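In what follows, every heavy atom counts, from backbone to side chain, and hydrogens, waters and symmetry copies are set aside. This is a predicted model, so every value here is computed, not measured.
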Amino acid sequence: MQIGAQLYTVHNHTTNLEDFSKTLKKVADIGYKSVQVSGTCPYEPEWLRDELLKNNLKCVLTHIPPKSLINGDIEQIVKKHAIFDCRNIGIGGMPATDGEQGFEDRYEPFREKFVPIAKQIRDLGAKLHFHNHYQEFQGAFAKTSVIDRILEDFPEDSIDFTLDLGWAAWAGVDVVTLIKKLSGRLSRIHLKDYLDEIPAGIEEERVYLRPIYEGKLDYDSYINVLSEAGCEYMLVEQDRCYNENEFDCLKRSFENVTKHFPDTK
């Protein structure tokens, strides 16, 4: 099991190819060997392949817009991922629907569109990954979460879960129990930590996001059970770093996790 960097953490530094290239080097210099490509500027797959090789990095997952799968050529998407040696294609959640009345309105259209998409991606030798936030466990989904519904509605071999541990915890889920429930389907997950008390001057935030082990979550317990659940890559995602340097936050997460679990380097 290896720690990796979700590049959305540093998306402000990947808005053009020159900065994206510099960012990959900085991430590699911290010590990361694996990344998720998400929130970056457009790139050609050959360019990304060469940049990853140059920095001894491996792209183990992407996030792409769900509409690109709904409206695009899935075979070409899988082929382009294969150019930079990535067989894992992620979406950040259920896409919004036209005229929806609430978050709960998204599931049925999502199921109808993405069951065949997930099967096609599987049949092409790749895997679709679903990423959660907190809404998937609340409101209309409090008793039967979106993840529960996906487990019931999608073929088991067609979709895995990029479980975001921080958002699941904030939604009130017992994270250790959820990891055990999804054992074998969590090859790539997101590490996220937070504090409840939000400092003055930070507005419109639900939580105060922190580097891993600098928040309130019990990451010793989480990582121990992840290793038993077949997780291969733990990708650090700190959506906001506020007035702190994003690369410094990624570095602290890397150092904190590998101090507790040296074998994850």
Side-chain angles (χ1 to χ4, degrees), residues 1-6 33-38 58-64 66 69 74 78 81-82 85-94 107 110-111 114-134 136-137 141 143-192 212 217-237 257 260-261 263-265:
M1 189 165 62
Q2 185 179 85
I3 186 172
Q6 208 309 33
K33 294 182 175 63
S34 54
V35 296
Q36 176 182 342
V37 175
S38 174
K58 180 176 178 60
C59 175
V60 298
L61 181 65
T62 63
H63 267 178
I64 65 174
L69 291 170
I74 293 175
V78 171
H81 276 69
D85 194 26
C86 181
R87 304 287 179 178
N88 298 279
I89 300 169
I91 55 173
M94 297 185 297
Y107 184 74
F110 168 72
R111 180 185 62 80
F114 274 86
V115 167
I117 288 172
K119 290 179 179 179
Q120 185 178 357
I121 291 173
R122 174 201 63 194
D123 293 345
L124 290 166
K127 178 66 71 71
L128 180 67
H129 292 251
F130 179 87
H131 170 266
N132 64 280
H133 294 85
Y134 60 91
E136 289 87 353
F137 305 98
F141 299 117
K143 291 185 178 180
T144 306
S145 71
V146 169
I147 286 178
D148 288 327
R149 298 187 187 194
I150 291 172
L151 287 171
E152 181 176 347
D153 294 336
F154 285 67
E156 181 176 350
D157 61 353
S158 72
I159 191 168
D160 279 354
F161 300 93
T162 309
L163 183 63
D164 190 304
L165 307 187
W167 285 131
W170 192 79
V173 174
D174 184 320
V175 174
V176 169
T177 299
L178 182 58
I179 291 171
K180 291 178 179 178
K181 179 178 183 178
L182 298 177
S183 180
R185 302 188 60 182
L186 296 174
S187 65
R188 287 125 173 88
I189 61 90
H190 281 179
L191 304 181
K192 182 180 274 95
I212 310 305
L217 300 184
D218 181 6
Y219 266 100
D220 280 353
S221 295
Y222 294 177
I223 294 175
N224 279 322
V225 73
L226 280 169
S227 67
E228 299 169 1
C231 180
E232 298 174 19
Y233 296 98
M234 306 180 296
L235 301 157
V236 174
E237 181 181 53
V257 171
H260 288 254
F261 295 91
D263 290 344
T264 62
K265 286 186 180 180

### Summary
Rounded to the nearest 0.5 angstrom, the CD1-NZ distance for Ile159 and Lys119 is 12.5 Å
### Query
Rounded to the nearest 0.5 Å, how far does CD1 of Ile74 lie from CD of Gln120?
4.0 Å
### Query
With no hydrogens and no angle check, is any side-chain donor or acceptor of Tyr107 less than 3.5 Å from a backbone partner on Arg149?
yes
### Message
Tell me if a side-chain donor or acceptor on Tyr222 pairs with a main-chain N or O of Leu191 at a distance below 3.5 Å.
### Response
no
## Note on the structure
Heavy-atom closest pair (Ile89 atom, Thr62 atom, distance to 0.1 Å) is CA-OG1, 3.8 Å
### Summary
What one should report as the nearest heavy-atom pair of Leu182 and Ile147 is CD2-CG2, 3.9 Å
### Heavy-atom side-chain proximity of Asn132 to Phe137 below 4.5 angstrom
yes
## Note on the structure
Output for pair (Ile189 CD1, His131 NE2), nearest 0.5 Å, gives 10.0 Å
#### Entry: Heavy-atom closest pair, residues His81 and Asn88
CD2-O, 4.2 Å
### Task
Can you tell me which residue pairs pass the salt bridge (charged side-chain N to carboxylate O under 4.0 Å, His left out) test with a partner in residues 174-186, sequence neighbours excluded?
Asp148-Lys181, Asp160-Arg185
### Task
Using modelled atom types only, decide if a donor and an acceptor are shared between the side chain of Ser227 and the backbone of Asn224 within a distance under 3.5 Å.
yes
### Message
Centroid separation under 6.0 Å, is that true for the rings of Phe110 and Phe130?
### Response
yes
### Query
Could you state the interatomic distance from CG (Leu69) to CD1 (Ile117), rounded to the nearest 0.5 Å?
5.5 Å
### Task
Write out all pairs satisfying salt bridge (charged side-chain N to carboxylate O under 4.0 Å, His left out) with one or both partners inside residues 224-234, taking only residues at least two apart or from two chains.
Arg188-Glu232
### Message
For the backbone of Gly90 and the side chain of His129, can you confirm whether one donor and one acceptor N or O come within less than 3.5 Å of each other?
### Response
no
### Query
To the nearest 0.5 Å, how far apart are CD in Glu237 and CH2 in Trp167?
9.0 Å
#### Entry: From Thr162 atom OG1 to Leu235 atom CG, the distance as rounded to the nearest 0.5 Å
8.0 Å
### Heavy-atom check, side chain of Leu165 versus side chain of Ile179, under 4.5 Å
yes
### Message
For Cys59 versus Cys86, what's the shortest heavy-atom pair and its separation?
### Response
O-CB, 3.6 Å
### Task
Measure from the side-chain N and O atoms of Asp164 to the backbone N and O of His133, and report whether any donor-acceptor pair falls under 3.5 Å.
no
